Amino acid sequence: MAKRPIFLPQPSTCLVSELEVEFEWFPGFSRQQKQKSIASLHKAGSKDREAKYLEVSTKSPEELGVKLSAFNLQISTDQDSNPVLLEAAFQGSKVFERSGQHKHLYQLTSGTEIKKFINDRPPEDIVCFKFEGHTWPLQPPTVFYDWLYLRALQQIEIDDDGFLDNLTKFDGFTDIEFNPAKSINCQARSCALFVALCRAGIFREAMTDPQSFIEVLENRGYGTSAKQGNLFED
């Protein structure tokens with residue numbers, strides 16, 4: 001058995017609620033095994049209500065979920081004439097205490113290469129993020145990652161008229177690889193945030209600039225565990 005969160009859009013309150021679900025885990029690294037775990041998680045998360053969840057990862061059984069993986073999304077930036085892989089933008093914007101920023105990561109197009117560079121580095125504290133001339137704080141904890149992810153989805157929405165309708169039909173979002181005990185940022189949470197902001201009618205207001213984004217999230221209590229919490233306990 002394993003436990004993973006399902007992220008649910010909450011447009012009228014804290015924007016995203018986290019539902020912790022215990023489910024049967026199918027060990028193994030194959031796509032087939034991952035999808036068995038995904039199906040098990042979604043079934044356990046539905047309980048007595050009808051719910052439709054989207055797995056957001058490269059292991060997703062849905063084409064849309066694969067498309068929305070951070071290793072597939074790209075961002076148009078002021079810093080480069082070519083789109084930058086979302087994961088490259090995130091990792092390349094980290095400013096470390098001793099070694100500073102590693103902007104060369106913006107040029108990488110392979111998630112494997114990016115992960116290898118980060119994993120091979122000695123442990124070092126992150127001071128902040130710097131992106132497009134703006135310095136991002138470390139609090140709220142996921143705000144910079146969320147901003148990048150929503151930037152990528154904003155571009156998809158512009159290019160694809162049916163994208164928002166297709167995404168908002170889901171009740172919640174998962175990422176089978178995300179373990180809250182080991183990491184903070186999660187593409188499924190960011191996806192739920194996008195849907196919540198759109199449903200609340202404040203997406204464009206929030207995306208005006210970084211400061212507006214932070215203020216909208218803080219005003220709703222987003223990222224505050226006491227407000228998001230679990231919808232119910234087993």
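In this chain, residues are counted from 1 in sequence order. Just so it is clear, the structure is predicted and the values come from calculations on it, not from any experiment.
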> Could you walk me through whether Glu62 and Lys67 pass the salt bridge (charged side-chain N to carboxylate O under 4.0 Å, His left out) check?
CA-CA 9 Å; Glu62 299 269 356; Lys67 179 180 180 179; over 6 Å; no
> Please give me the minimum heavy-atom distance between Pro210 and His134, naming the atom from each residue.
CB-NE2, 3.5 Å
> Specify the closest pair of heavy atoms between Glu55 and Ser60, including all atoms of both residues, with the distance to one decimal.
O-OG, 2.8 Å
> Sequence neighbours left out, what passes ring-ring contact (aromatic ring centres under 6.0 Å, His included) with Tyr145? Give chain and number order.
Phe90
> Could you tell me whether a side-chain N or O of Asn72 sits under 3.5 Å from a main-chain N or O of Thr58, the two making a donor and an acceptor?
no
> Checking Glu24 now: which residues fulfil side-chain hydrogen bond (donor to acceptor under 3.5 Å, both in side chains) with it, not counting sequence neighbours?
none
> CZ of Arg4 to OG1 of Thr174: how many Å apart, nearest 0.5 Å?
10.5 Å
> What is the minimum heavy-atom distance between Phe173 and Ala188, and which atoms define it?
CB-O, 3.5 Å
> Between Glu18 and Arg189, does any NZ, NE, NH1 or NH2 come within less than 4.0 Å of an OD or OE carboxylate oxygen?
yes
> Rounded to the nearest 0.5 Å, what separation is found between the CG atom of Asn185 and the CG atom of Leu148?
9.5 Å
> Look up atom CD1 in Ile156 and atom CG in Leu153, then write down how far apart they are to the nearest 0.5 Å.
5.0 Å
> Working to the nearest 0.5 angstrom, can you tell me the gap between Glu50 CD and Lys52 NZ?
11.5 Å
> Report the residues that fulfil side-chain hydrogen bond (donor to acceptor under 3.5 Å, both in side chains) with Lys36, sequence neighbours left out, ordered by chain and then residue number.
Gln33
> What I want to find out is whether Arg151 reaches Glu132 closely enough, with some N-O distance under 4.0 Å, to be called a salt bridge.
yes
> Please answer whether the main-chain N or O of Ser99 pairs with a side-chain N or O of Glu124 as donor and acceptor at a distance below 3.5 Å.
yes
> List the residues meeting salt bridge (Lys or Arg N to Asp or Glu O under 4.0 Å) with Lys115, not counting sequence neighbours, and say none if there are none.
none
> Supply the atom-to-atom distance Asp171 CG to Lys169 NZ, rounded to the nearest 0.5 angstrom.
11.5 Å
> Enumerate the ring-ring contact (aromatic ring centres under 6.0 Å, His included) contacts for residues 9-41, please, sequence neighbours excluded, ordered by first and then second residue.
none
> Check side-chain hydrogen bond (donor to acceptor under 3.5 Å, both in side chains) between Asp175 and all other residues, then give those that pass, not counting sequence neighbours.
Gln187
> What are the two closest heavy atoms between Ala70 and Leu85, and how far apart are they?
O-CG, 4.4 Å
> Just by distance, do the side chain of Arg220 and the backbone of Pro11 share a donor-acceptor pair under 3.5 Å?
yes
> Assigning hydrophobic clusters by single linkage (Ile, Leu, Val, Met, Phe, Trp, Tyr; side-chain heavy-atom cutoff under 4.5 Å), is Leu73 placed with Phe163?
yes
> Can you name the nearest heavy-atom pair linking Cys186 to Phe7, along with the distance?
SG-CE1, 3.6 Å
> Please work out whether the ring planes of Phe144 and Trp136 are parallel, tilted or perpendicular, with thresholds of 30° and 60°.
tilted
> After noting the C-alpha distance and the side-chain angles of Tyr106 and Ser93, does the key distance pass the side chain to side chain contact (heavy atoms under 4.5 Å, CB included) rule?
CA-CA 9 Å; Tyr106 291 152; Ser93 297; 2.8 Å; yes
> Measure from the side-chain N and O atoms of Ser69 to the backbone N and O of Gly65, and report whether any donor-acceptor pair falls under 3.5 Å.
no
> Among all residues two or more places apart in sequence or in another chain, which pass the side-chain contact (heavy atoms from CB on, under 4.5 Å) test with Leu108?
Leu105, Glu113, Ile114
> What residues, two or more places apart in sequence or in another chain, satisfy side-chain contact (heavy atoms from CB on, under 4.5 Å) together with Pro140?
Val143, Ile214, Glu218
> Report yes if the side chains of Ile38 and Pro61 come closer than 4.5 Å at any heavy-atom pair, otherwise no.
yes
> Which pairs of donor and acceptor atoms, one on a side chain in residues 197-209, lie under 3.5 Å apart (sequence neighbours left out)?
residue	atom	partner	partner atom	Å
Arg199	NH2	Thr168	O	2.6
Arg199	NH2	Phe170	O	3.4
Thr208	OG1	Arg204	O	3.2
Thr208	OG1	Glu205	O	2.8
Asp209	OD1	Gln211	N	3.2
Asp209	OD1	Ser212	N	2.8
Asp209	OD1	Ser212	OG	3.0
Asp209	OD2	Ser212	OG	3.4

> Considering residues at least two apart in sequence or located in another chain, which fulfil the side-chain hydrogen bond (donor to acceptor under 3.5 Å, both in side chains) criterion with Thr142?
Asp146
> Taking only residues at least two apart or on different chains, which pairs with a member in residues 157-166 satisfy side-chain hydrogen bond (donor to acceptor under 3.5 Å, both in side chains)?
Gln155-Asp159
> Can you list the residues that meet the ring-ring contact (aromatic ring centres under 6.0 Å, His included) rule with His102, with sequence neighbours excluded?
Phe96, Phe117
> Nearest heavy-atom pair of Ala152 and Ile75: which atoms, and what distance?
CB-CG1, 4.1 Å
> Looking at CG of Leu68 and CG of Leu54, how far apart are the two atoms once the value is rounded to the nearest 0.5 Å?
6.5 Å
> Take Ser46 and Tyr53 through the side chain to side chain contact (heavy atoms under 4.5 Å, CB included) test and state the conclusion after the steps.
CA-CA 9 Å; Ser46 295; Tyr53 301 131; 4.0 Å; yes
